[in-house]
Amino acid sequence: GGLVWRGCSAECDAEDGAAGALTDGNANPGDKLEGSDAAPDDPVHLKRRVGLFSGVALIVGTMIGSGIFVSPSGLLERTGSVGISFIIWMACGLLSLLGALAYAELGTMNTSSGAEYAYFMDAFGGPPAFLFSWVSTLVLKPSQMAIICLSFAKYAVEPFVSECEPPTSLVKLVAVISIVMILAVNCYSVNLATNVQNIFTAAKLVAIAIIVGGGAYKLILGNTRHLQEPNFASSTATLGNIATAFYTGLWAYDGWNNLNYVTEEIKNPSKNLPLSIIIGIPLVTLCYALVNVSYLAVMSVSEMADSEAVAVTFGNRLLGPLAWLMPLAVTISTFGSANGTLFVAGRLCFAASREGHLLDILSYVHVRRFTPAPGLIFHSLIAVAMVLYGTIDSLIDFFSFTAWIFYGGAMLALIVMRRTKPHAPRPYKVPIIIPYVVLLVSTYLVVAPIVDKPQWEYLYATAFIFGGLLVYVPFVKWGYSLPFMDKITVFLQMVLEVVPTSTTFE
Ligand code: ARG
(Lines give C-alpha, C1' and ligand atoms only; values in the text may rest on other atoms or scores of the structure.)
Protein backbone atom coordinates (compact mmCIF):
# COMPACT_ATOMS: atom_id res chain seq x y z
CA GLY A 1 0.00 0.00 0.00
CA GLY A 2 0.76 3.46 -1.00
CA LEU A 3 -2.29 5.39 -0.01
CA VAL A 4 -1.46 8.97 0.14
CA TRP A 5 -2.47 11.67 2.57
CA ARG A 6 -4.40 9.13 4.49
CA GLY A 7 -3.55 7.65 7.83
CA CYS A 8 -2.40 4.11 8.40
CA SER A 9 -4.91 3.95 11.25
CA ALA A 10 -4.38 1.60 14.13
CA GLU A 11 -1.71 -0.53 12.54
CA CYS A 12 0.93 1.88 13.68
CA ASP A 13 0.30 1.08 17.30
CA ALA A 14 3.00 -1.53 17.45
CA GLU A 15 5.58 0.85 16.15
CA ASP A 16 4.42 3.61 18.37
CA GLY A 17 4.86 1.29 21.29
CA ALA A 18 8.38 0.41 20.28
CA ALA A 19 9.26 4.01 19.90
CA GLY A 20 7.35 4.83 23.02
CA ALA A 21 9.52 2.60 25.11
CA LEU A 22 12.34 4.81 24.03
CA THR A 23 10.89 8.27 24.36
CA ASP A 24 13.40 10.98 23.67
CA GLY A 25 15.89 8.27 24.40
CA ASN A 26 17.86 10.95 26.07
CA ALA A 27 18.50 9.76 29.55
CA ASN A 28 17.39 6.37 30.47
CA PRO A 29 20.61 4.56 31.11
CA GLY A 30 19.92 0.90 31.42
CA ASP A 31 16.45 1.06 29.99
CA LYS A 32 15.89 -1.57 27.38
CA LEU A 33 13.79 -0.95 24.39
CA GLU A 34 10.92 -3.34 24.51
CA GLY A 35 9.92 -4.93 21.28
CA SER A 36 12.24 -2.83 19.19
CA ASP A 37 13.57 -5.61 17.09
CA ALA A 38 10.37 -7.57 17.10
CA ALA A 39 8.42 -7.76 13.87
CA PRO A 40 6.19 -4.72 13.69
CA ASP A 41 3.05 -6.83 13.79
CA ASP A 42 4.04 -8.40 17.08
CA PRO A 43 1.94 -6.83 19.76
CA VAL A 44 4.06 -4.45 21.74
CA HIS A 45 2.72 -3.44 25.08
CA LEU A 46 3.55 -0.25 26.76
CA LYS A 47 4.72 -1.05 30.23
CA ARG A 48 4.63 1.44 33.02
CA ARG A 49 8.31 1.42 33.71
CA VAL A 50 9.27 5.05 34.12
CA GLY A 51 9.51 5.63 37.85
CA LEU A 52 10.53 8.77 39.66
CA PHE A 53 14.24 8.28 39.04
CA SER A 54 13.98 7.64 35.30
CA GLY A 55 11.45 10.45 35.05
CA VAL A 56 13.96 12.90 36.48
CA ALA A 57 16.76 11.42 34.34
CA LEU A 58 14.63 11.80 31.24
CA ILE A 59 13.93 15.46 31.93
CA VAL A 60 17.52 16.29 32.82
CA GLY A 61 18.94 14.31 29.93
CA THR A 62 16.72 15.99 27.35
CA MET A 63 17.14 19.49 28.63
CA ILE A 64 20.91 19.50 28.94
CA GLY A 65 22.24 19.45 25.41
CA SER A 66 23.99 22.10 23.37
CA GLY A 67 22.52 25.22 24.94
CA ILE A 68 24.60 25.55 28.07
CA PHE A 69 27.74 25.32 25.91
CA VAL A 70 26.70 27.95 23.37
CA SER A 71 23.99 30.20 24.84
CA PRO A 72 25.87 31.94 27.69
CA SER A 73 27.94 34.00 25.24
CA GLY A 74 24.94 35.00 23.15
CA LEU A 75 22.90 35.95 26.19
CA LEU A 76 25.67 38.12 27.55
CA GLU A 77 26.08 39.77 24.18
CA ARG A 78 22.36 40.46 23.94
CA THR A 79 21.99 41.96 27.41
CA GLY A 80 25.43 43.48 27.94
CA SER A 81 25.21 42.77 31.65
CA VAL A 82 26.21 39.86 33.85
CA GLY A 83 23.47 40.63 36.35
CA ILE A 84 20.68 40.75 33.81
CA SER A 85 21.98 37.62 32.06
CA PHE A 86 21.94 35.76 35.32
CA ILE A 87 18.41 36.88 36.13
CA ILE A 88 17.28 35.75 32.68
CA TRP A 89 18.92 32.35 33.14
CA MET A 90 17.01 31.87 36.37
CA ALA A 91 13.76 33.24 34.95
CA CYS A 92 14.01 30.79 32.06
CA GLY A 93 14.28 27.96 34.58
CA LEU A 94 11.25 29.24 36.46
CA LEU A 95 9.22 29.65 33.28
CA SER A 96 10.09 26.11 32.19
CA LEU A 97 9.07 24.81 35.61
CA LEU A 98 5.70 26.59 35.52
CA GLY A 99 5.08 25.50 31.94
CA ALA A 100 5.93 21.92 32.77
CA LEU A 101 3.56 21.91 35.77
CA ALA A 102 0.72 23.00 33.52
CA TYR A 103 1.74 20.26 31.08
CA ALA A 104 1.53 17.80 33.97
CA GLU A 105 -2.17 18.53 34.27
CA LEU A 106 -2.64 18.17 30.53
CA GLY A 107 -0.61 14.99 30.41
CA THR A 108 -2.44 13.23 33.23
CA MET A 109 -5.79 14.32 31.87
CA ASN A 110 -5.14 13.07 28.34
CA THR A 111 -2.54 10.34 28.36
CA SER A 112 -2.36 9.59 24.65
CA SER A 113 1.01 10.06 23.03
CA GLY A 114 1.51 13.05 20.83
CA ALA A 115 1.37 15.57 23.68
CA GLU A 116 0.45 18.99 22.28
CA TYR A 117 -1.23 17.38 19.31
CA ALA A 118 -3.63 15.52 21.59
CA TYR A 119 -4.36 18.55 23.79
CA PHE A 120 -5.10 20.79 20.82
CA MET A 121 -7.38 18.13 19.42
CA ASP A 122 -9.32 18.01 22.71
CA ALA A 123 -9.49 21.72 23.28
CA PHE A 124 -9.72 23.28 19.81
CA GLY A 125 -10.37 20.45 17.33
CA GLY A 126 -8.66 19.30 14.13
CA PRO A 127 -7.21 22.36 12.37
CA PRO A 128 -5.05 23.70 15.24
CA ALA A 129 -3.90 20.15 15.99
CA PHE A 130 -2.96 19.73 12.36
CA LEU A 131 -1.07 23.02 12.37
CA PHE A 132 0.91 21.78 15.34
CA SER A 133 2.00 18.56 13.67
CA TRP A 134 2.62 20.42 10.42
CA VAL A 135 4.93 22.90 12.13
CA SER A 136 6.64 20.46 14.42
CA THR A 137 7.53 17.99 11.67
CA LEU A 138 8.54 20.63 9.13
CA VAL A 139 10.10 23.27 11.37
CA LEU A 140 10.50 22.56 15.07
CA LYS A 141 12.15 19.14 15.03
CA PRO A 142 14.46 19.83 12.06
CA SER A 143 15.53 23.16 13.51
CA GLN A 144 16.33 21.54 16.87
CA MET A 145 18.44 19.06 14.97
CA ALA A 146 20.16 21.80 12.94
CA ILE A 147 20.97 23.91 16.01
CA ILE A 148 22.42 21.00 17.96
CA CYS A 149 24.49 19.79 15.01
CA LEU A 150 25.85 23.26 14.37
CA SER A 151 26.89 23.42 18.02
CA PHE A 152 28.47 20.00 17.65
CA ALA A 153 30.40 21.26 14.63
CA LYS A 154 31.59 24.38 16.43
CA TYR A 155 33.10 22.29 19.17
CA ALA A 156 34.47 19.66 16.84
CA VAL A 157 36.29 22.29 14.78
CA GLU A 158 37.34 24.74 17.48
CA PRO A 159 40.33 22.83 18.95
CA PHE A 160 41.96 22.80 15.53
CA VAL A 161 41.74 26.52 14.93
CA SER A 162 42.98 27.65 18.37
CA GLU A 163 40.34 30.20 19.35
CA CYS A 164 40.20 32.06 16.07
CA GLU A 165 36.88 32.17 14.32
CA PRO A 166 36.65 28.89 12.42
CA PRO A 167 35.65 29.17 8.75
CA THR A 168 31.86 29.06 8.47
CA SER A 169 31.91 26.67 5.55
CA LEU A 170 33.95 24.18 7.54
CA VAL A 171 31.55 24.34 10.49
CA LYS A 172 28.59 23.80 8.18
CA LEU A 173 30.28 20.93 6.44
CA VAL A 174 30.99 19.19 9.75
CA ALA A 175 27.40 19.84 10.86
CA VAL A 176 26.08 18.20 7.70
CA ILE A 177 28.40 15.23 8.19
CA SER A 178 27.13 14.82 11.74
CA ILE A 179 23.51 14.85 10.54
CA VAL A 180 24.34 12.11 8.04
CA MET A 181 26.07 10.07 10.73
CA ILE A 182 23.14 10.37 13.13
CA LEU A 183 20.76 9.51 10.33
CA ALA A 184 22.81 6.40 9.60
CA VAL A 185 22.76 5.32 13.25
CA ASN A 186 19.01 5.76 13.48
CA CYS A 187 18.29 4.03 10.19
CA TYR A 188 20.61 1.17 11.08
CA SER A 189 18.98 0.05 14.28
CA VAL A 190 16.77 1.29 17.05
CA ASN A 191 18.95 -0.49 19.59
CA LEU A 192 22.10 1.21 18.36
CA ALA A 193 20.35 4.56 18.67
CA THR A 194 19.38 3.89 22.30
CA ASN A 195 22.85 2.69 23.17
CA VAL A 196 24.41 5.79 21.65
CA GLN A 197 21.95 7.76 23.69
CA ASN A 198 22.76 6.19 27.01
CA ILE A 199 26.51 6.34 26.66
CA PHE A 200 26.47 9.90 25.41
CA THR A 201 24.19 11.12 28.16
CA ALA A 202 26.90 10.32 30.67
CA ALA A 203 29.33 12.50 28.71
CA LYS A 204 27.34 15.66 29.20
CA LEU A 205 27.14 15.12 32.93
CA VAL A 206 30.92 14.73 32.95
CA ALA A 207 31.28 17.98 31.01
CA ILE A 208 29.05 19.84 33.46
CA ALA A 209 30.92 18.34 36.42
CA ILE A 210 34.31 19.39 35.03
CA ILE A 211 33.08 22.94 34.48
CA VAL A 212 31.46 23.27 37.89
CA GLY A 213 34.44 21.66 39.65
CA GLY A 214 36.93 23.87 37.81
CA GLY A 215 34.91 26.97 38.56
CA ALA A 216 34.63 26.11 42.23
CA TYR A 217 38.42 25.60 42.37
CA LYS A 218 39.01 29.03 40.82
CA LEU A 219 36.55 30.68 43.18
CA ILE A 220 38.22 29.11 46.19
CA LEU A 221 41.48 30.58 44.96
CA GLY A 222 39.72 33.92 45.17
CA ASN A 223 39.09 34.55 41.50
CA THR A 224 35.79 36.37 41.96
CA ARG A 225 36.54 39.63 40.20
CA HIS A 226 34.39 39.12 37.09
CA LEU A 227 31.46 38.17 39.25
CA GLN A 228 31.56 41.38 41.19
CA GLU A 229 30.59 43.58 38.26
CA PRO A 230 26.93 42.84 37.57
CA ASN A 231 26.82 45.89 35.22
CA PHE A 232 23.11 46.47 35.50
CA ALA A 233 23.64 50.04 34.38
CA SER A 234 25.64 49.24 31.27
CA SER A 235 22.92 46.97 30.00
CA THR A 236 21.97 47.43 26.38
CA ALA A 237 18.67 45.66 26.83
CA THR A 238 15.45 46.90 25.29
CA LEU A 239 12.16 45.09 25.74
CA GLY A 240 12.57 43.27 22.44
CA ASN A 241 16.20 42.53 23.25
CA ILE A 242 15.17 40.94 26.51
CA ALA A 243 12.66 38.75 24.68
CA THR A 244 15.32 37.49 22.26
CA ALA A 245 17.74 37.04 25.16
CA PHE A 246 15.03 34.82 26.61
CA TYR A 247 14.95 32.90 23.34
CA THR A 248 18.64 32.17 23.75
CA GLY A 249 18.25 31.12 27.37
CA LEU A 250 15.08 29.13 26.82
CA TRP A 251 16.76 27.09 24.12
CA ALA A 252 19.02 25.61 26.78
CA TYR A 253 15.93 24.61 28.76
CA ASP A 254 13.95 23.26 25.85
CA GLY A 255 12.79 19.72 26.40
CA TRP A 256 11.06 20.52 29.72
CA ASN A 257 7.85 19.08 28.31
CA ASN A 258 9.42 15.81 27.29
CA LEU A 259 7.83 13.56 29.90
CA ASN A 260 4.50 14.38 28.31
CA TYR A 261 5.41 12.23 25.35
CA VAL A 262 5.62 9.17 27.61
CA THR A 263 2.82 9.66 30.14
CA GLU A 264 1.47 6.25 29.13
CA GLU A 265 4.64 4.67 30.44
CA ILE A 266 4.97 6.45 33.78
CA LYS A 267 4.22 4.52 36.93
CA ASN A 268 1.60 6.29 39.03
CA PRO A 269 1.69 9.35 36.75
CA SER A 270 -0.47 11.66 38.84
CA LYS A 271 2.23 11.56 41.50
CA ASN A 272 5.43 10.88 39.58
CA LEU A 273 4.86 13.25 36.66
CA PRO A 274 4.63 16.45 38.74
CA LEU A 275 7.27 15.19 41.15
CA SER A 276 9.81 14.47 38.38
CA ILE A 277 9.17 17.96 37.07
CA ILE A 278 9.57 19.58 40.49
CA ILE A 279 12.88 17.78 41.02
CA GLY A 280 14.27 17.72 37.47
CA ILE A 281 13.81 21.27 36.27
CA PRO A 282 15.22 23.03 39.36
CA LEU A 283 18.14 20.59 39.15
CA VAL A 284 18.88 21.73 35.60
CA THR A 285 18.41 25.36 36.64
CA LEU A 286 20.93 24.85 39.42
CA CYS A 287 23.44 23.25 37.02
CA TYR A 288 23.08 26.15 34.61
CA ALA A 289 23.53 28.71 37.37
CA LEU A 290 26.70 26.99 38.57
CA VAL A 291 28.08 26.65 35.05
CA ASN A 292 27.51 30.35 34.37
CA VAL A 293 29.29 31.29 37.58
CA SER A 294 32.12 28.93 36.69
CA TYR A 295 32.62 30.45 33.26
CA LEU A 296 32.99 33.86 34.86
CA ALA A 297 35.38 32.53 37.47
CA VAL A 298 37.73 31.69 34.63
CA MET A 299 37.21 34.35 31.97
CA SER A 300 36.15 37.98 31.77
CA VAL A 301 32.79 39.18 30.57
CA SER A 302 34.12 40.31 27.21
CA GLU A 303 36.10 37.11 26.73
CA MET A 304 32.95 35.17 27.40
CA ALA A 305 30.79 37.28 25.09
CA ASP A 306 33.35 36.96 22.29
CA SER A 307 34.09 33.30 22.69
CA GLU A 308 33.04 31.13 19.78
CA ALA A 309 32.84 28.06 21.98
CA VAL A 310 32.80 29.10 25.59
CA ALA A 311 33.54 25.67 27.04
CA VAL A 312 36.68 25.39 24.89
CA THR A 313 37.89 28.76 26.13
CA PHE A 314 37.16 27.52 29.64
CA GLY A 315 39.17 24.34 29.07
CA ASN A 316 42.10 26.21 27.56
CA ARG A 317 42.29 28.57 30.53
CA LEU A 318 41.95 25.95 33.19
CA LEU A 319 42.77 22.43 32.15
CA GLY A 320 46.25 22.84 30.66
CA PRO A 321 47.32 19.59 29.00
CA LEU A 322 43.83 18.17 29.53
CA ALA A 323 42.17 21.02 27.63
CA TRP A 324 41.12 18.61 24.87
CA LEU A 325 38.72 16.98 27.32
CA MET A 326 36.28 19.87 27.08
CA PRO A 327 35.59 19.94 23.31
CA LEU A 328 35.51 16.15 23.34
CA ALA A 329 32.90 15.98 26.09
CA VAL A 330 30.80 18.67 24.44
CA THR A 331 30.90 17.05 21.00
CA ILE A 332 29.83 13.75 22.52
CA SER A 333 27.08 15.44 24.50
CA THR A 334 25.69 17.33 21.52
CA PHE A 335 25.93 14.29 19.27
CA GLY A 336 23.86 12.38 21.80
CA SER A 337 21.25 15.14 22.01
CA ALA A 338 20.94 15.33 18.25
CA ASN A 339 20.53 11.57 18.17
CA GLY A 340 17.71 11.70 20.71
CA THR A 341 16.06 14.58 18.90
CA LEU A 342 16.06 12.77 15.56
CA PHE A 343 14.73 9.69 17.28
CA VAL A 344 11.73 11.57 18.60
CA ALA A 345 11.25 13.25 15.24
CA GLY A 346 10.80 9.82 13.67
CA ARG A 347 8.22 8.98 16.27
CA LEU A 348 6.37 12.20 15.65
CA CYS A 349 5.96 11.19 12.01
CA PHE A 350 4.11 8.08 13.11
CA ALA A 351 1.76 9.98 15.36
CA ALA A 352 0.97 12.54 12.66
CA SER A 353 0.52 10.17 9.76
CA ARG A 354 -1.50 7.80 11.90
CA GLU A 355 -4.04 10.60 12.08
CA GLY A 356 -3.89 11.08 8.34
CA HIS A 357 -2.04 14.33 8.83
CA LEU A 358 1.12 13.52 6.92
CA LEU A 359 2.18 11.59 3.84
CA ASP A 360 1.84 7.88 4.57
CA ILE A 361 5.30 7.11 3.30
CA LEU A 362 6.73 9.02 6.25
CA SER A 363 5.34 6.44 8.65
CA TYR A 364 6.70 3.38 6.84
CA VAL A 365 9.46 1.25 8.32
CA HIS A 366 12.39 -0.55 6.76
CA VAL A 367 11.57 -4.20 5.93
CA ARG A 368 14.46 -5.70 7.86
CA ARG A 369 15.62 -3.04 10.27
CA PHE A 370 12.21 -1.80 11.42
CA THR A 371 13.52 1.71 11.57
CA PRO A 372 11.29 4.53 10.30
CA ALA A 373 13.79 5.45 7.59
CA PRO A 374 11.61 7.67 5.36
CA GLY A 375 10.59 9.96 8.20
CA LEU A 376 14.15 10.18 9.46
CA ILE A 377 15.51 10.98 6.00
CA PHE A 378 12.83 13.58 5.50
CA HIS A 379 13.70 15.35 8.76
CA SER A 380 17.40 15.18 8.06
CA LEU A 381 17.00 16.76 4.63
CA ILE A 382 15.19 19.73 6.12
CA ALA A 383 17.79 19.96 8.89
CA VAL A 384 20.59 20.00 6.31
CA ALA A 385 18.89 22.84 4.46
CA MET A 386 18.59 24.75 7.73
CA VAL A 387 22.27 24.17 8.52
CA LEU A 388 23.26 25.46 5.08
CA TYR A 389 21.10 28.58 5.16
CA GLY A 390 21.01 29.48 8.85
CA THR A 391 23.24 30.31 11.78
CA ILE A 392 22.90 29.04 15.34
CA ASP A 393 21.53 32.34 16.56
CA SER A 394 19.05 32.87 13.75
CA LEU A 395 17.83 29.30 14.05
CA ILE A 396 17.40 29.60 17.82
CA ASP A 397 15.32 32.77 17.38
CA PHE A 398 13.28 31.14 14.68
CA PHE A 399 12.79 27.99 16.73
CA SER A 400 11.89 29.74 19.98
CA PHE A 401 9.47 32.13 18.31
CA THR A 402 7.59 29.23 16.74
CA ALA A 403 7.82 26.90 19.73
CA TRP A 404 6.47 29.47 22.18
CA ILE A 405 3.44 30.10 20.02
CA PHE A 406 2.54 26.46 20.60
CA TYR A 407 3.59 26.32 24.26
CA GLY A 408 1.32 29.33 24.80
CA GLY A 409 -1.36 27.49 22.83
CA ALA A 410 -1.11 24.55 25.22
CA MET A 411 -1.69 26.92 28.16
CA LEU A 412 -4.76 28.25 26.40
CA ALA A 413 -5.91 24.67 25.83
CA LEU A 414 -5.68 24.01 29.57
CA ILE A 415 -7.61 27.16 30.43
CA VAL A 416 -10.27 26.43 27.80
CA MET A 417 -10.72 22.84 28.98
CA ARG A 418 -11.24 23.93 32.57
CA ARG A 419 -14.34 25.65 31.20
CA THR A 420 -15.47 23.19 28.52
CA LYS A 421 -14.69 19.98 30.38
CA PRO A 422 -15.02 20.95 34.03
CA HIS A 423 -15.76 17.40 35.16
CA ALA A 424 -13.09 15.50 33.23
CA PRO A 425 -10.86 13.60 35.66
CA ARG A 426 -7.76 15.60 36.49
CA PRO A 427 -5.51 13.47 38.67
CA TYR A 428 -3.13 16.39 38.97
CA LYS A 429 -4.57 19.88 39.02
CA VAL A 430 -2.27 22.87 38.65
CA PRO A 431 -3.15 26.17 40.37
CA ILE A 432 -4.96 28.00 37.57
CA ILE A 433 -2.82 31.11 37.99
CA ILE A 434 0.18 29.22 36.57
CA PRO A 435 -1.10 28.66 33.01
CA TYR A 436 -2.28 32.27 32.94
CA VAL A 437 1.19 33.50 33.87
CA VAL A 438 2.89 31.27 31.30
CA LEU A 439 0.38 32.33 28.64
CA LEU A 440 1.08 35.96 29.42
CA VAL A 441 4.83 35.49 29.25
CA SER A 442 4.66 33.48 26.05
CA THR A 443 2.53 36.17 24.44
CA TYR A 444 5.17 38.70 25.42
CA LEU A 445 7.93 36.47 24.08
CA VAL A 446 6.20 36.14 20.72
CA VAL A 447 4.99 39.71 20.32
CA ALA A 448 7.84 41.79 21.81
CA PRO A 449 10.53 40.98 19.23
CA ILE A 450 8.12 41.76 16.40
CA VAL A 451 7.12 45.11 17.86
CA ASP A 452 10.65 46.02 18.86
CA LYS A 453 12.39 45.15 15.62
CA PRO A 454 10.05 43.93 12.90
CA GLN A 455 11.77 41.38 10.72
CA TRP A 456 10.50 39.55 7.69
CA GLU A 457 11.46 36.24 9.31
CA TYR A 458 8.69 36.51 11.88
CA LEU A 459 6.18 37.18 9.14
CA TYR A 460 7.46 34.21 7.14
CA ALA A 461 7.22 31.97 10.18
CA THR A 462 3.65 33.08 10.90
CA ALA A 463 2.66 32.75 7.26
CA PHE A 464 4.16 29.29 7.19
CA ILE A 465 2.23 28.19 10.27
CA PHE A 466 -1.09 29.30 8.83
CA GLY A 467 -0.10 28.18 5.36
CA GLY A 468 -0.63 24.73 6.80
CA LEU A 469 -4.36 25.34 6.42
CA LEU A 470 -3.91 25.35 2.64
CA VAL A 471 -2.77 21.76 2.97
CA TYR A 472 -5.23 20.81 5.67
CA VAL A 473 -8.42 21.76 3.92
CA PRO A 474 -7.99 19.91 0.59
CA PHE A 475 -5.90 16.94 1.66
CA VAL A 476 -7.05 16.16 5.18
CA LYS A 477 -10.54 17.60 5.47
CA TRP A 478 -11.73 16.84 1.95
CA GLY A 479 -9.51 13.80 1.60
CA TYR A 480 -8.11 14.58 -1.86
CA SER A 481 -4.89 12.93 -2.93
CA LEU A 482 -2.60 13.99 -5.71
CA PRO A 483 -2.88 11.59 -8.68
CA PHE A 484 0.85 10.98 -9.07
CA MET A 485 1.54 10.53 -5.37
CA ASP A 486 0.70 6.82 -5.47
CA LYS A 487 3.43 6.29 -8.03
CA ILE A 488 5.94 8.29 -6.05
CA THR A 489 5.09 6.38 -2.89
CA VAL A 490 5.57 3.02 -4.61
CA PHE A 491 8.82 4.21 -6.15
CA LEU A 492 10.15 5.38 -2.79
CA GLN A 493 9.05 2.12 -1.20
CA MET A 494 11.18 0.20 -3.73
CA VAL A 495 14.20 2.42 -3.32
CA LEU A 496 14.11 2.61 0.46
CA GLU A 497 12.77 -0.90 1.04
CA VAL A 498 10.07 0.32 3.37
CA VAL A 499 6.58 -0.94 4.10
CA PRO A 500 3.55 0.16 6.06
CA THR A 501 3.70 -1.29 9.53
CA SER A 502 0.67 -3.49 8.96
CA THR A 503 2.35 -5.50 6.21
CA THR A 504 3.12 -9.10 7.10
CA PHE A 505 6.44 -10.38 5.89
CA GLU A 506 7.75 -13.62 7.29
N1 ARG B 1 17.83 22.07 25.57
C2 ARG B 1 18.53 21.30 24.57
C3 ARG B 1 19.85 21.93 24.27
O4 ARG B 1 20.27 22.80 24.97
C5 ARG B 1 17.74 21.20 23.30
C6 ARG B 1 16.65 20.22 23.38
C7 ARG B 1 15.96 20.07 22.09
N8 ARG B 1 14.62 19.71 22.35
C9 ARG B 1 14.18 18.46 22.40
N10 ARG B 1 12.94 18.29 22.72
N11 ARG B 1 14.94 17.44 22.11
O12 ARG B 1 20.51 21.54 23.33
Side-chain angles (χ1 to χ4, degrees), residues 19 22-28 58-75 89 92-93 95-97 99-100 103 113-117 132 135-137 139-155 175 178 182 186 193 197 200-201 203-205 207-208 246-262 280-281 283-285 287-288 291-292 309-311 329-348 351 379 383 386 392-393 395-396 398-400 402-404 406-407 410:
L22 248 168
T23 71
D24 203 342
N26 256 335
N28 260 357
L58 195 63
I59 290 185
V60 173
T62 314
M63 287 173 70
I64 301 181
S66 60
I68 190 61
F69 308 114
V70 292
S71 298
S73 310
L75 228 157
W89 273 105
C92 290
L95 183 61
S96 312
L97 177 64
Y103 266 64
S113 42
E116 286 91 348
Y117 178 85
F132 173 76
V135 171
S136 54
T137 37
V139 177
L140 294 179
K141 281 291 157 192
S143 60
Q144 285 175 346
M145 180 83 184
I147 298 166
I148 304 175
C149 287
L150 278 169
S151 316
F152 165 88
K154 253 188 173 177
Y155 275 89
S178 69
I182 293 163
N186 280 274
Q197 202 56 42
F200 288 31
T201 298
K204 60 184 133 199
L205 297 179
I208 300 275
F246 262 99
Y247 284 178
T248 311
L250 284 168
W251 164 252
Y253 288 94
D254 196 65
W256 49 262
N257 57 352
N258 234 273
L259 268 191
N260 278 62
Y261 295 91
V262 292
I281 297 178
L283 203 66
V284 173
T285 313
C287 281
Y288 287 0
V291 168
N292 270 292
V310 58
V330 176
T331 44
I332 295 177
S333 154
T334 43
F335 192 87
S337 296
N339 181 63
T341 300
L342 184 65
F343 187 92
V344 174
R347 189 180 178 210
L348 204 83
H379 277 105
M386 287 177 165
I392 293 190
D393 288 328
L395 285 170
I396 288 183
F398 184 59
F399 167 82
S400 301
T402 319
W404 279 88
F406 288 103
Y407 296 151

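Since the model is a prediction, treat every value here as computed from it, not as a measurement. Ligands are counted one by one from 1 in listed order, and the atoms in each one are counted from 1 as well.
- At least one N/O-N/O distance between T341 and ligand 1 falls below 3.5 Å.
- Across all their heavy atoms, I182 and C149 have their closest contact at CD1-SG, 4.1 Å.
- Among the atoms of M63, some N or O lies under 3.5 angstrom from an N or O of ligand 1.
- Atom numbering of ligand 1 starts at 1 in the shown order; those under 4.0 Å from a heavy atom of T62 are 2 (C), 6 (C), 11 (N).
- Atoms of ligand 1 found under 4.0 Å from any heavy atom of G67, numbered from 1 in the order shown, are 3 (C), 4 (O), 12 (O).
- Atoms of ligand 1 found under 4.0 Å from any heavy atom of N258, numbered from 1 in the order shown, are 10 (N).
- Near K141, meaning under 4.0 Å from any of its heavy atoms, are these atoms of ligand 1: 10 (N).
- Here the closest non-hydrogen pair linking A146 and M386 is CB-CB, 3.8 Å.
- Put simply, the side chain of N339 never gets that close to the backbone of F335: no donor and acceptor are under 3.5 Å apart.
- The closest approach between a heavy atom of K204 and any atom of ligand 1 is not below 4.0 Å.
- Using a 4.5 Å cut-off on side-chain heavy atoms (C-beta onward), V284 and W256 make no contact.
- Remark: distances from the non-hydrogen atoms of S337 to ligand 1 are all 4.0 Å or more.
- Residue S66 holds the heavy atom nearest to atom 12 (O) of ligand 1 of all those in G340, G255, A338, S66.
- Two residues are said to be in side-chain contact when any heavy atoms from C-beta on lie closer than 4.5 Å; F246 and W404 fail this criterion.
- Classified by interplanar angle (parallel below 30°, tilted 30° to 60°, perpendicular above 60°), the ring pair Y253/W89 is tilted.
- Note: no N/O pair closer than 3.5 Å links I68 and ligand 1 by distance alone.
- Side-chain contact annotation: E116 with Y103, donor-acceptor N/O pair under 3.5 Å present.
- Nearest heavy atom pair, residue K204 against residue G61, reads NZ-O, 3.1 Å.
- At a heavy-atom cutoff of 4.0 Å, ligand 1 is contacted by no atom of T334, backbone or side chain.
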